[in-house]
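Worksheet: the structure to be examined is printed underneath.
Here is how names work: the chains are called A, B, and so on, in the same order as the sequence lines, proteins then strands, and each is numbered from 1.
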Amino acid sequence: MPELPEVETVRRQLAGTLIGRTIERITLRRTDVIRGAGPRRFRETLRGQTVEALDRRGKALIVRLSDGVALLVHLGMTGRFCLAPPGVPLAEHTHMIAYLADGGRLVFRDPRRFGHLELTCADALDETETLRNVGIDALAPEFTAARLSEALAGRTAPIKAALLDQRRFAGVGNIYACEALFRAHIDPTALCGELDAQQVKALHRALRAVLRASIAAEGTTIADYVNGNGVPGGFQRRLRVYGREGEACPSRGCTGTIARIVQSNRSTFYCPLCQRA
DNA sequence: CGGACAACCTGGTTGC
DNA sequence: TGCAACCAGGTTGTCC
């Protein structure tokens with residue numbers, strides 16, 4: 001489900017509704033989604049904490065609490081972190097419930113359980129399991145075309161695989177990697193070293209543009225992603241290649257057909273005609 | 001070291 | 001209808 005735009009959408013919505021509210025108690029229905037502390041310490045540390053801010057780095061959500069405590073949320077493929085509607089039974093696969101002092105319920109739900117919650121100190125974020133291998137955010141002002149160029153330098157992997165690597169810059173997943181490569185007219189199978197400076201610049205611009213456009217549309221919903229208010233995103237209608245195998249290439253004047261190939265076990269969608277190394 | 005690949009999970013869809 | 005195979009927004013460990 002969640003790449004940078006989807007996590008950013010959740011962050012913005014929760015920032016609007018959660019800041020200043022206090023956790024009264026925590027219920028864990030499964031403990032294997034918890035990191036950084038055992039279940040008992042997890043519950044006891046969060047009890048009585050007030051939400052002060054919500055931040056994000058790449059695909060990770062950072063909930064900053066009173067007392068210098070932080071809760072890191074990674075949604076994996078199917079995770080949701082949102083307020084449960086009042087008066088309705090909690091959905092299946094709800095692993096953690098934070099009962100708020102005002103009666104609200106903040107829940108973590110994740111059928112596939114690739115996501116997790118990690119408890120940490122706000123000043124130790126870089127050492128956490130969730131963030132220790134995560135580079136700068138792909139929408140941070142410091143992530144310039146020059147930084148992208150550095151990130152790709154010396155690599156021999158195909159560019160598509162390099163975009164999914166969160167270590168040098170973070171937030172790009174399978175959908176937006178495909179979409180950015182299409183917008184920049186770059187062949188996803190091209191090796192990093194084969195791109196010239198102009199292509200790297202075009203790719204940087206395409207990455208930032210597609211991430212921003214998706215945030216403006218409140219993210220992409222393929223199957224079951226919903227934002228903090230339970231509403232699906234709108235960007236799936238504006239995807240140009242992802243999930244569009246067999247359709248005509250949407251580039252003006254291009255007569256190609258969108259193809260699907262597999263790269264490092266993930267689907268890549270692209271136009272073999274207008275995306276060139 | 002980097003890169004390819006399997007593994008981790010559940011659920012929905014497809015095809016026989 | 002039933003069931004197996006395949007697919008899915010991510011990350012990590014293992015092997016080369």
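Distance Glu92(A) CD to dG11(B) C1': 10 Å, rounded to the nearest Å. The distance between atom CE of Met77(A) and atom C1' of dT11(C), rounded to the nearest whole Å, is 10 Å. When the C1' atom of dC8(B) is taken as reference, atom CZ of Arg35(A) falls 11 Å away, rounded to whole Å. Between Arg80(A) atom CZ and dG9(C) atom C1' there is a gap of 13 Å when expressed in whole angstrom units. Between the CG atom of Asn133(A) and the C1' atom of dG10(C) there is a distance of 14 Å, rounded to whole Å. Going from atom CD of Glu118(A) over to atom P of dT12(C) covers 11 Å, rounded to whole Å. If you take CG of Leu75(A) and C1' of dA8(C), they are 16 Å apart, rounded to a whole angstrom. When rounded to the nearest whole Å, the span between CD of Glu245(A) and P of dC7(C) equals 10 Å.
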Under a cut-off of 3.5 Å for both distances of each Watson-Crick or G-U pair, what dot-bracket string does DNA chain B give, using [ ] for crossing pairs and | for inter-strand pairs? .|||||||.|||||||
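Here His74(A) reaches the OP1 or OP2 of dT11(C): one of its side-chain N or O atoms lies under 4.0 Å away. OP1 or OP2 of dG10(C) lies within a sub-4.0 Å distance of a side-chain N or O belonging to Arg266(A). Residue Lys59(A) places at least one side-chain N or O closer than 4.0 Å to OP1 or OP2 of dG10(C). Using a 4.0 Å cut-off, some side-chain N or O of His93(A) falls inside it from OP1 or OP2 of dG11(B).
Checking Thr50(A) against Thr22(A) by side-chain atom types alone, a donor-acceptor pair falls below 3.5 Å. Side-chain contact annotation: Thr268(A) with Gln263(A), donor-acceptor N/O pair under 3.5 Å present. When only modelled atom types and interatomic distance are considered, Ser267(A) and Arg260(A) share a side-chain donor-acceptor pair under 3.5 Å.
For the atom pair Leu119(A) CG and Phe42(A) CZ, the distance stands at 6.0 Å (nearest 0.5 Å). Between atom CG of residue Leu72(A) and atom OG1 of residue Thr120(A) there is a gap of 6.0 Å, rounded to the nearest 0.5 Å. Taking CD1 of Ile62(A) as the reference point, atom CG of Leu54(A) lies at 9.5 Å (rounded to 0.5 Å). Taken from CG in Leu211(A) to CG in Leu207(A), the straight-line distance is 6.0 Å, to the nearest 0.5 Å. Distance check: Asp110(A) CG to Phe81(A) CZ gives 12.5 Å after rounding to the nearest 0.5 Å.
If you find the closest nucleotide of DNA chain C to Ser267(A) and to Leu164(A), the one lying nearer the 5' end belongs to Ser267(A).
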Nucleic acid footprint by protein, nucleotides 1-6 of chain B - heavy-atom cut-off 4.0 Å, B for base, S for sugar-phosphate alone: -SSSSB
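Ring-to-base geometry does not place Phe114(A) in a stacked arrangement with dT11(C) (centre distance under 5.5 Å, plane angle under 30° required).
Although no hydrogens or angles enter the test, the distance criterion places a donor-acceptor pair under 3.5 Å between the side chain of Glu118(A) and the main chain of Thr130(A).
Separation of the P atoms belonging to dC9(B) and dT14(C) is 15 Å when rounded to the nearest angstrom.
Note on Tyr176(A): nothing from the nucleic acid sits closer than 4.0 angstrom, heavy atoms only.
No donor-acceptor contact under 3.5 Å links the side chain of Arg113(A) to the base of dC9(B).
Between His93(A) and His95(A), the ring planes are perpendicular. Angles over 60° get that label, and only those under 30° would be called parallel.
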